[in-house]
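Inspection log for the structure reproduced underneath, given as structure tokens.
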Amino acid sequence: MPVETPTLALPSEESIAQPKPVKVGFVSLGCPKNLVDSEVMMGLLQSGGAHITSHAEDADIIVVNTCSFIDTAKQESVNTILEMAQHKVTGKAKKLVVAGCLVERYREEIQKNIPEVDAVVGTGELDSILAAAGISPDGQSSEEQSPFVILNSTSTSQSLKSGVRSRAEGDARQASGRFSRSEWDGAIADLPNYLYNENTPRILATPKASAYIKIAEGCDHPCGFCIIPQLRGKFRSRHFESVIAEAERLAHSGVREITLIGQDTTCYGEDLDLKDGLALLLDRLARIEDLRWVRFLYAYPNKITGRLLETIAGNEKICAYIDVPLQHASASVLKRMKRGAHADIFLRSIEKMRSTVPDLTLRTSFIVGFPGETEKDFDELCDFVRTAQFDWLGVFSYSDEEGSAAYHLSDKVAPREIERRRKKLMQIQRQISKKSKLKLVGRELDVLALGPSEETELLWEGRSEMHAPEIDGKLFINDFGAHEQLVPGEFYRCEITEAHHYDLVARVI
Ligand code: SF4
């Protein structure tokens with residue numbers, strides 16, 4: 001008996017037409033650590049079939065990844081949420097998702113007080129962005145999925161639950177209530193423990209040839225002004241090989257400059273039983289052939305070891321650049337900040353850094369107006385800045401944050417006085433910076449070309465080893481030498497021809 005061959009029912013033309021992918025617009029606020037979270041969420045959305053658009057008015061879904069580190073950041077986050085909510089009225093947007101630090105702090109308030117918000121995603125729930133956006137894995141809008149759904153972490157993430165240990169210091173701080181959110185009404189008790197890994201999809205939002213890698217998340221330090229540990233959870237490192245695999249993949253795709261970030265990069269590996277984990281990691285990353293520059297940000301002062309300095313000094317690819325936020329120099333303020341140390345210790349440590357790493361670029365930041373900071377404390381800080389001669393320096397005004405230890409301190413400094421101190425310290429640094437930048441005129445260095453300047457197309461912007469992305473002064477190129485045009489993401493040998501207070505001008509040689 002002949003076997004009847006079943007015929008394939010060909011679909012009609014109508015059913016062949018693919019439905020349009022859901023368009024997602026993304027707004028990322030805050031620091032580079034938040035930017036990496038945004039890049040991960042965009043990657044997850046794209047891998048779910050969504051199309052990422054940079055035009056909010058075109059988006060079906062808008063995600064705002066927020067910051068709530070200090071008051072001004074919170075205000076910016078709320079303003080942006082309200083602005084984006086308008087697209088649900090005037091534009092195409094059907095869904096608004098709020099993600100990030102603001103969610104960790106005000107989860108319930110956001111849901112209650114901003115009805116335009118359809119879903120929230122905390123810093124520990126990045127995997128749940130697809131469900132929150134209501135996108136099914138085929139990239140279509142899935143109305144059956146309810147908002148505020150939290151998915152469990154998948155294999156594209158690593159978490160404390162999946163075998164990562166915490167540091168003894170973190171455990172002790174947890175026992176003493178460092179991570180407690182009980183002072184915050186709308187926050188849930190669970191601390192975030194998410195970490196992405198090398199398999200997590202990610203879309204880079206940084207200029208060509210440049211990328212951040214988050215090597216750790218959370219923080220165990222007790223700094224009295226800071227609520228990041230409550231927002232981001234206990235310190236946890238990504239697996240060593242996961243960071244290397246990600247860096248290799250990025251290098252293979254054209255990235256030449258990698259900036260390692262975390263709340264405290266110098267603690268890297270302590271929870272993995274690695275001694276000098278950051279030094280080991282840098283040393284290994286520097287062996288990736290296609291990478292040209294590797295740098296790290298956010299060092300904790302007493303964690304900068306001799307081995308770390310020797311690793312920086314001994315390897316051309318590791319930028320001779322250290323960013324170490326010192327926060328203050330007066331012993332009494334540092335003690336009240338729960339950080340300890342004093343100006344002399346810092347000066348000795350700076351001396352060691354400079355004598356071990358030739359041509360070191362040193363960046364720091366300070367907080368002025370911490371509760372109880374006297375005029376004498378502030379003068380001490382000013383003297384310290386004059387002596388230390390930092391290449392780059394940021395000054396932040398103290399912000400009184402509910403949930404921080406400092407919130408309960410008396411002797412608050414008046415806002416006008418805080419502002420006066422901030423301006424004065426910046427004025428001192430302005431002169432120091434001008435002097436140090438003038439010394440660079442005539443020097444030759446490698447510059448990573450970024451693209452035409454936002455100010456004028458006649459100038460290009462670039463970056464040298466002494467400029468970390470986004471935070472330091474600018475380097476403009478006004479003479480392309482023998483090149484008709486520069487290529488973004490390429491390195492050029494340049495000579496510094498002019499110096500301003502913070503910015504440099506260079507010509508290609
Ligand atoms: S080390 Fe940085 S992130 Fe950690 S508590 Fe101190 S200021 Fe906050």
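Both counts, for ligands and for their atoms, begin at 1 and track the order of listing.
Closest approach of L448 to A209, counting heavy atoms only: CD1-CB, 4.3 Å.
Cation-pi geometry between K474 and W392 is not satisfied (NZ or CZ under 6.0 Å from the ring centre, within 45° of the ring normal). A cation-pi arrangement is not found for K424 relative to F378, the charged atom failing to lie both closer than 6.0 Å to the ring centre and inside a 45° cone about the ring normal.
Within the sub-2.8 Å shell of atom 8 (Fe) of ligand 1, the protein contributes these N/O/S atoms: C226 SG.
Between Y321 and D391 there is no side-chain heavy-atom pair separated by less than 4.5 Å.
Test K303, K275, R236 against E270 for salt bridge (charged side-chain N to carboxylate O under 4.0 Å, His left out) and you get one pass: K303.
Contact annotation: for R178 versus ligand 1, heavy atoms closer than 4.0 Å belong to the side chain alone.
Looking only at atom types and distance, the side chain of T123 has no donor-acceptor partner in the side chain of D37 under 3.5 Å away.
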